[in-house]
> 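Next up is a structure, given as C-alpha cells.
From a predicted model like this one, the values you see are computed outputs, not experimental measurements. Every chain is numbered from 1 and lettered A, B, ... according to where its sequence line falls, protein lines coming before strand lines.
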Protein chains: 2
Amino acid sequence: MDAALLQIEAGESFERLSLRSVARAAGVVPTAFYRHFQSMDELGLALVEESFRTLRAMLRQAREGLPPEHIIHRSVEILVDRVRAHRQHFLFVIRVGSTGNTVLRHAIRNEIRLFTSELATDLARFPVLREWTTEDLQMLAGMLVNTMIATVGAMLDAPVAGPQSEIEIARVAEKQLRLAMLATPHWHSS
Amino acid sequence: MDAALLQIEAGESFERLSLRSVARAAGVVPTAFYRHFQSMDELGLALVEESFRTLRAMLRQAREGLPPEHIIHRSVEILVDRVRAHRQHFLFVIRVGSTGNTVLRHAIRNEIRLFTSELATDLARFPVLREWTTEDLQMLAGMLVNTMIATVGAMLDAPVAGPQSEIEIARVAEKQLRLAMLATPHWHSS
DNA sequence: TGTACATCAGTGAACGCGCGTTCACTGATGTAC
DNA sequence: TGTACATCAGTGAACGCGCGTTCACTGATGTAC
C-alpha cells in the first residue's frame, strides 16, 4: 500500500499503476503481490478504506472542542493541517474519486456521501439551523463538503507554486465557508 | 477524437486508453494515428479544447438574455440541458480534470480558472455586487463554479439511478446557488 | 522440551498478449505550369 | 486541357518490452501434542 501511494505521489495515476511496478517498489517479486491482494482493484479499495480512516479522524477532531465562534477558521486550519500531514491519502482520494475505475469511484463517492451526512447531523445542532428540514441540511452540508473538496484539490496542486499560494487557498476557502453560513439566518427552509 | 470519447463514455478512462484501441475504434491501422496526433497527450489536449468550446458556448447562452429574476433557475436548466446534450465532453473533462496526467490536468484547471474569471466579470454587473473587491468576486465565482462542477459530477453518475435522481440533483444545485447568492447582501466585502 | 505438521510470504521460470513506435510502401486527391 | 509533382491518410510487417497470471518451489515462523 505504501509503495502504491508513493508512486501516486510521484505523479503516477492509480489507473496506470501496474501490479508489477507496485511489487517492484515494494521490493518484492510480482507473484508475491497475490499474497496480499487478489487484484489492483482490491489494493485500491484497501487504500480507500485507509484514506477515509484519516478523513474520519479529521471530522472527529473538528467536532470535539471547537468553540462555535471560531469554528470556521479552526475547521479550515485543521483541513490544511491534515492535508499537509496525510498528503498521500488526500492525493489518492482526489485523483481516483472521479476516475474511470467505476468500482473505486463509487466506493469513494459513497464515503463522501457518508461524510456529508455526518456533517449534516453536526450542523443540526446549531441554533440557526435547528428548524431546517433534513433535505436542506444535506444541501448545506453538501455545499460545504464541495467547497472543502475543491480546496483540497487546489492545495494538492499548490506546492508547485510554494507555500504562499497555500495560505491564499486557505483564505479563500474560509471566506467561502463563511459566506455559505452567512446566508443561513435568511434561508426559509422548506 | 470521437473514438476516444466513445470509449470514455463506455467506462474506459482516458489514462488507460491505448493508442491502438483508439485507432481500432476509429477503424484505422495503429500507425495512421500518427497522421493526426503525435501522442495520446496531444489527442487529450485537442479534446480539452473541443470540450471547453462547448462549455464556453454554455456560458454565452447563460449570459445573453437571462432575466435577472429567474437567473439561477434558468442557469441550472441550461446546465442540465447542456450536460444531457454533450455528455461525452463533460465526462471527459470531469474524469480527466483530477487525473494523474499532469499535462491534461493543468490544461483543464486553467480552462476552469478562465471560466471562473469570466463568471466573476459577469457577477460584477449585479447591483448587490457592484461594490465588491475583485478578490471577493473571484471567491464567489469560485464557489458557484465548484457547485456546478460537483453537480455535473453527480449527474454523470446519475443515469444509472434514472431521470428521477437527475431532477433531484438539479433541485439541490439550484438551492445551493440560491443560498450562496442569498448571503451576498450581508457580506461586507474587504 | 522435542517433534511433526501447517501456515505463510516470498521465489523464479515461463506463458501469451497488447502495447508504442519504426519503416518503407501505396494510392488517392490537390496544385502548378 | 494535359502533364508532373507534392501532399496526404492510410497500410502492413516487424521490433522489443512490460504486462498479468500460472505453476511448483522454498524456507522461516507458529501451533499441537
Side-chain angles (χ1 to χ4, degrees), chain A residues 1-51 53 88-89 91-92 95-108, chain B residues 1-51 53 88-89 91-92 95-108:
Chain A
M1 290 168 73
D2 286 347
L5 288 178
L6 262 172
Q7 282 179 87
I8 288 167
E9 194 176 12
E12 259 310 327
S13 72
F14 184 79
E15 290 288 294
R16 67 188 325 163
L17 214 57
S18 71
L19 182 152
R20 285 182 103 104
S21 74
V22 171
R24 210 178 300 127
V28 125
V29 114
T31 41
F33 179 94
Y34 293 104
R35 294 289 158 201
H36 305 269
F37 305 101
Q38 280 195 31
S39 64
M40 285 296 289
D41 263 20
E42 215 179 70
L43 205 208
L45 288 172
L47 285 172
V48 171
E49 210 169 298
E50 190 183 67
S51 298
R53 256 200 301 280
Q88 294 181 329
H89 285 143
L91 252 176
F92 174 76
R95 295 270 193 270
V96 175
S98 58
T99 212
N101 187 320
T102 319
V103 175
L104 292 185
R105 196 175 70 244
H106 281 103
I108 290 178
Chain B
M1 289 168 75
D2 286 348
L5 288 177
L6 263 172
Q7 282 178 89
I8 288 168
E9 193 175 14
E12 259 309 328
S13 72
F14 184 79
E15 291 288 294
R16 66 187 327 160
L17 215 57
S18 70
L19 181 154
R20 284 182 105 103
S21 74
V22 170
R24 210 179 300 127
V28 125
V29 114
T31 42
F33 179 92
Y34 294 103
R35 294 290 158 199
H36 304 270
F37 305 101
Q38 280 195 30
S39 64
M40 286 296 288
D41 263 21
E42 215 179 69
L43 206 207
L45 287 173
L47 286 172
V48 171
E49 210 169 297
E50 190 182 67
S51 297
R53 254 201 301 280
Q88 293 180 329
H89 285 144
L91 252 176
F92 174 76
R95 295 271 194 269
V96 175
S98 58
T99 211
N101 187 319
T102 319
V103 175
L104 292 185
R105 196 175 71 244
H106 281 103
I108 289 179

> Does atom CD of B/E42 have more than 12 heavy-atom neighbours from other groups under 6.0 Å away?
yes

> Nearest nucleotide by nearest heavy atom, which residue falls closer to the 5' end of DNA chain C, B/S39 or A/P30?
A/P30

> Can you tell me the distance, in whole Å, between the CZ atom of B/F33 and the C1' atom of D/dT11?
17 Å

> For A/L19 and C/dG10, give me the distance from atom CG to atom P, rounded to whole Å.
13 Å

> With a non-hydrogen cut-off below 4.0 angstrom, is B/T31 in contact with a base, only sugar-phosphate, or nothing?
base

> For residues B/E9 and B/Q88, report the shortest heavy-atom separation together with the two atoms involved.
OE1-NE2, 2.8 Å

> Answer with yes or no whether A/R20 presents, from its side chain, a donor or acceptor under 3.5 Å of a partner atom in the base of D/dG20.
yes

> Check the distance between D/dT22's C1' and A/Q38's CD and give it to me in whole angstrom.
15 Å

> Determine the minimum heavy-atom distance between B/S51 and B/F92, stating which atoms define it.
OG-CD2, 3.8 Å

> In the structure shown, which nucleotide is the Watson-Crick or G-U wobble counterpart of C/dT1, with both distances under 3.5 Å?
none

> What integer distance in Å separates B/L17:CG from C/dG20:C1'?
14 Å

> Using atom types as modelled and distance alone, determine if a side-chain donor or acceptor of A/R105 lies under 3.5 Å from a backbone N or O of A/T99.
yes

> Separation of B/R35 atom CZ from D/dG12 atom C1', in whole Å?
13 Å

> Do A/H36 and A/M1 have side chains that approach each other closer than 4.5 Å (heavy atoms only, starting at C-beta)?
no

> Using a cut-off of 4.0 Å on non-hydrogen atoms, how would the nucleic acid contact of B/V29 be classed: base, sugar-phosphate, or nothing?
base

> What is the pairing partner of C/dG27, taking Watson-Crick or G-U wobble pairs with both distances under 3.5 Å in any strand?
D/dC8

> Write down the distance between CZ (A/R16) and C1' (D/dG18), rounded to a whole number of angstrom.
13 Å

> Give a yes or no on whether a donor-acceptor pair under 3.5 Å exists between the nucleobase atoms of C/dG18, that is its base, and the side chain of B/S21.
no

> How is B/Y34 classified with respect to the nucleic acid when contacts are heavy atoms under 4.0 Å: base, sugar-phosphate, or nothing?
base

> OP1 or OP2 of C/dC19 versus the side-chain N and O atoms of B/S18: is any pair under 4.0 Å?
yes

> To the nearest angstrom, how far is B/H36 atom NE2 from C/dG20 atom P?
16 Å

> Starting at CZ of B/F37 and ending at C1' of D/dC8, how long is that distance when rounded to a whole Å?
16 Å

> Just checking B/R24: base, sugar-phosphate only, or nothing, at a heavy-atom cut-off of under 4.0 Å?
sugar-phosphate

> Mind checking who D/dG20 pairs with, Watson-Crick or G-U wobble, both distances under 3.5 Å?
C/dC15

